[in-house]
Amino acid sequence: MRTQVAIIGAGPSGLLLGQLLHQAGIANVIVERQSGAYVLGRIRAGILEQVTVDLMAEAGVGARVQREGIAHHSIELVFQGTRHSIDVHGLTGGKQVTAYGQTELTHDLMEARAAAGLETVYEAADVAVQGFDGERPQVRFKGKDGREQVLQCDFIAGCDGFHGVCRASVPRRALREYEKVYPFGWLGVLADVPPVSPHAIVYGNSERGFSLCSMRSMTRSRYYVQTAMDDKVEAWSDQRFWDELRRRLDPELADRVVTGPSIEKSIAPLRSFVAEPMRFGRLFLAGDAAHIVPPTGAKGLNLAASDVKYLSSALIEHYREHSDAGLDQYSARALARVWKAERFSWWLTSLMHRFPDTGDFGQRLQDAELGYLVGSRAAATALAENYVGLPL
Ligand code: FAS
Ligand code: PHB
């Protein structure tokens, strides 16, 4: 087998990259270790920056998000039993975020890829990336039939997420990793009930911990509560979850929560992580393969999109203009935006969660910062411009 760009991973990064390269006439094959159904079954992000929505349109898969995505012009903060609105749209000169599930984005990309007849190897086993420090990189894997296959290529895009094989294949001496693990997790629930706040994500900081009210559509809601790191999803009945969520909201909002049976319930750990650089010879990392943010700032999926924008542009420049300037600048350019999003995600996580070592002084600092945030245009503007996404 041979192609121009071998893409490892059929999550949002890999699928979006494959679509943009295809549109530029660059051959690519995606090698994915799970089944397509498994990839689609993962419940993850829900908020898209305009950069991501624009990139979907550029990739030719923007029709449904335009039709079904729900524009959010504000966010709400609940603390000390009171809810405050932050006018994100007004503070950023008219920018917005769009509520549209990662599952839907992945579906749209999968559908476009299949319609274009592009090759995606699902359920690939023992995937190995080799030769990327030379001129002839290749990907080895076993197909569903158990037969070993070799995919020769010009470049490898490591879009295989935090637990993937690509970053793990880079010699340790060539990699610098930065990590912060948070002392709590998020218990997330998906339920087919109308969202309590259909036009603004609600972030809560109560003495019982963080909470978040989000959505996937006008009939499907997504909620989270902060849990202990060692908490188990089995310990959470639906009723216990709904009761706990309500306790963390202001009374008016709590009364409006519509409950129902969970269709997905899971606990995710929270970490900040960056691997530098994001390029190793002919191997380029994009998305969660290179960085992780705590989901508080809704940046993970959106950072994957900006990485893919930079990488696809650089690869197109290589093939069209025989210039490697973009490829040489890729890592520094992507990391500049990654670190700004890492900072924002860490800051909002630190502000909205209860830490074991917060203490009385730390609690007063959180209260003071929240009060400043909702009382100062300058402070709210800084939040708003990061929330809608900094420029590419
Ligand atoms: P992904 O992890 O989505 O995709 C990587 C793909 O590579 C997977 O399909 C995997 O099966 C495949 N792969 C792995 N190893 C492989 C190998 N050896 N060979 C071949 N394929 C391999 N972000 C937000 O913005 N908001 C959220 O609310 C949010 N919630 C999240 C909840 C959870 C539980 C997790 C884990 C992440 C969440 N994220 C959230 C972040 C998430 O949306 C990611 O940013 C996004 O999935 C990144 O996409 P990819 O880079 O494509 O990585
Ligand atoms: C979600 O809808 O899953 C979501 C929304 C906003 C966040 C994190 C997650 O900050």
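Since the model is a prediction, treat every value here as computed from it, not as a measurement. Counting starts at 1 for both ligands and their atoms, following the listed order.
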Between His318 and Phe155, how do the two ring planes meet: parallel, tilted or perpendicular, split at 30° and 60°?
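Ring orientation, 0 to 90° scale: perpendicular.
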Examine the side chains of Asp307 and His291 and answer whether a donor and an acceptor come within less than 3.5 Å of each other.
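Checked: Asp307/His291 side chains pair up, N/O donor to acceptor below 3.5 Å.
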For Arg354 and Gln226, which I'm curious about, is there any donor-acceptor pair between the side chains at under 3.5 Å?
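The answer is no; no qualifying pair exists.
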Polar contact flag for Arg33 and ligand 1 (N/O pairs, less than 3.5 Å)
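It does: an N or O of Arg33 is found under 3.5 Å from an N or O of ligand 1.
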What are the atoms of ligand 1, with element, lying closer than 4.0 Å to any heavy atom of [X]?
{"X": "Ile8", "result": "19 (N), 20 (C)"}
{"X": "Ala268", "result": "34 (C)"}
{"X": "Val39", "result": "9 (O)"}
{"X": "Cys159", "result": "5 (C), 6 (C), 7 (O)"}

Sub-4.0 Å heavy-atom approach of Ala298 to ligand 1:
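For ligand 1, residue contact (heavy atoms, under 4.0 Å) with Ala298 is present.
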In this structure, does ligand 1 have an atom that sits under 4.0 Å from one of the heavy atoms of Tyr38?
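Judged by the 4.0 Å heavy-atom criterion, Tyr38 does not count as contacting ligand 1.
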Is it the side chain (CB and beyond), the backbone, both or neither of [X] that lies under 4.0 Å from ligand 1, heavy atoms counted?
{"X": "Ile47", "result": "neither"}
{"X": "Arg42", "result": "side chain"}
{"X": "Tyr122", "result": "neither"}

With a 6.0 Å cut-off on ring centres, are Phe184 and His353 close enough?
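Yes, close enough.
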Nitrogen or oxygen of Ser214 less than 3.5 angstrom from that of ligand 2
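Yes, Ser214 has an N/O under 3.5 Å of an N/O on ligand 2.
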So does Lys265 pair up with Asp238, basic N to acidic O under 4.0 Å?
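Yes.
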